[in-house]
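Below is one structure, written out as structure tokens; comments come after it.
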Amino acid sequence: QVQLMESGGGSVQAGGSLKLSCVASGDTAIMGWFRQGPGKEREGVAGIRPDGAKDYAESVKGRFTISKDNAMNTLYLQMNSLKAEDTAVYYCAADSRPLYGPLLRQTYTYWGQGIQVTVSS
């Protein structure tokens with residue numbers, strides 16, 4: 001069983017930055033960040049494969065950076081140049097078996113509770 005705890009969300013003006021953290025317990029071979037905006041489907045934002053390779057959604061490339069501290073088993077998402085359309089609940093996800101790609105919901109068994117990010121224009 002893996003438990004995930006997100007932190008770092010909040011409100012920021014457009015153009016600002018936030019850094020999300022996700023502390024994990026258990027085996028987390030593959031991890032990712034997802035988000036769900038108002039009235040939208042949950043979508044993959046960024047993910048790290050077991051070999052350390054990183055995947056990003058097109059909408060956040062060049063603005064968001066995903067990283068992982070393996071010693072602390074903590075996943076991060078640095079979000080810069082935030083836009084109003086980045087407003088969403090952000091979720092951390094993990095699994096011990098990387099059966100699919102890091103931006104696909106079906107890859108993950110374990111999910112955090114979610115944390116709100118609000119960007120005002």
Quiz prompt | Distance, nearest 0.5 Å, that separates SG of Cys92 from CG of Leu75 | solution = 5.0 Å

Quiz item: With sequence neighbours left out, what residues match Glu41 under salt bridge (Lys or Arg N to Asp or Glu O under 4.0 Å)?
Solution: none

Exercise. For Tyr56, enumerate each residue passing the side-chain contact (heavy atoms from CB on, under 4.5 Å) test, keeping only those at least two apart in sequence or located in another chain.
Key: Ala46, Lys54, Val60, Lys61, Thr65, Ile66

Self-check item: salt bridge (Lys or Arg N to Asp or Glu O under 4.0 Å) against Glu85, all qualifying residues, sequence neighbours excluded
Solution: none

Self-check item: ring-ring contact (aromatic ring centres under 6.0 Å, His included) contacts touching residues 63-92 (sequence neighbours left out)
Solution: none

Quiz item: Are Trp33 and Leu82 grouped together when hydrophobic residues (ILVMFWY) are joined by side-chain heavy atoms under 4.5 angstrom apart?
Solution: yes

Quiz item: Of all heavy-atom pairs between Leu77 and Val45, which one has the smallest distance, and what is that distance?
Solution: CD2-CG1, 4.3 Å

Quiz item: So which heavy atom on Glu6 is nearest to which on Gly114, and how close?
Solution: OE1-N, 3.0 Å

Exercise. Only pairs at least two apart or in different chains count here, so list each side chain to side chain donor-acceptor pair (under 3.5 Å) that has a residue in residues 9-22.
Key: Ser17-Asn80

Exercise. Following the transitive rule for hydrophobic clusters with a side-chain heavy-atom cut-off under 4.5 Å over Ile, Leu, Val, Met, Phe, Trp and Tyr, establish whether Leu4 and Val117 coincide in one cluster.
Key: yes

Quiz item: For Val23, what are the other residues in its hydrophobic cluster, where any two members join if their side-chain heavy atoms are less than 4.5 angstrom apart?
Solution: none

Quiz item: Excluding sequence neighbours, so at least two apart, what forms side chain to side chain donor-acceptor pair (under 3.5 Å) with Asp86?
Solution: Arg35, Arg63

Donor-acceptor contacts, no H, no angles, side chain residues 94-106, under 3.5 Å, sequence neighbours left out:
{"residue": "Asp95", "atom": "OD1", "partner": "Arg97", "partner atom": "N", "Å": "2.9"}
{"residue": "Asp95", "atom": "OD2", "partner": "Thr109", "partner atom": "N", "Å": "2.8"}
{"residue": "Asp95", "atom": "OD2", "partner": "Thr109", "partner atom": "OG1", "Å": "2.4"}

Quiz item: Which residues satisfy the salt bridge (Lys or Arg N to Asp or Glu O under 4.0 Å) test with Lys40, sequence neighbours excluded?
Solution: none

Quiz prompt | salt bridge (charged side-chain N to carboxylate O under 4.0 Å, His left out) contacts touching residues 65-83 (sequence neighbours left out) | solution = none

Quiz item: How far apart are the closest heavy atoms of Gly16 and Val12, and which atoms are they?
Solution: CA-CG2, 3.8 Å

Exercise. Determine, using the 4.5 Å side-chain heavy-atom cutoff (strictly less than), whether Val89 and Tyr110 are members of one ILVMFWY cluster.
Key: no

Quiz prompt | Donor-acceptor contact present, side-chain Asp55 to main-chain Gly47, <3.5 Å | solution = no

Exercise. Only counting residues at least two apart or in another chain, list the ones meeting salt bridge (Lys or Arg N to Asp or Glu O under 4.0 Å) with Arg42.
Key: none

Exercise. Flag yes if Ile115 and Val2 sit in one hydrophobic cluster, no otherwise; membership is Ile, Leu, Val, Met, Phe, Trp, Tyr, and two members link when side-chain heavy atoms are under 4.5 Å apart.
Key: yes

Quiz item: Can you list every side chain to side chain donor-acceptor pair (under 3.5 Å) pair that touches residues 111-121, not counting sequence neighbours?
Solution: Gln116-Thr118

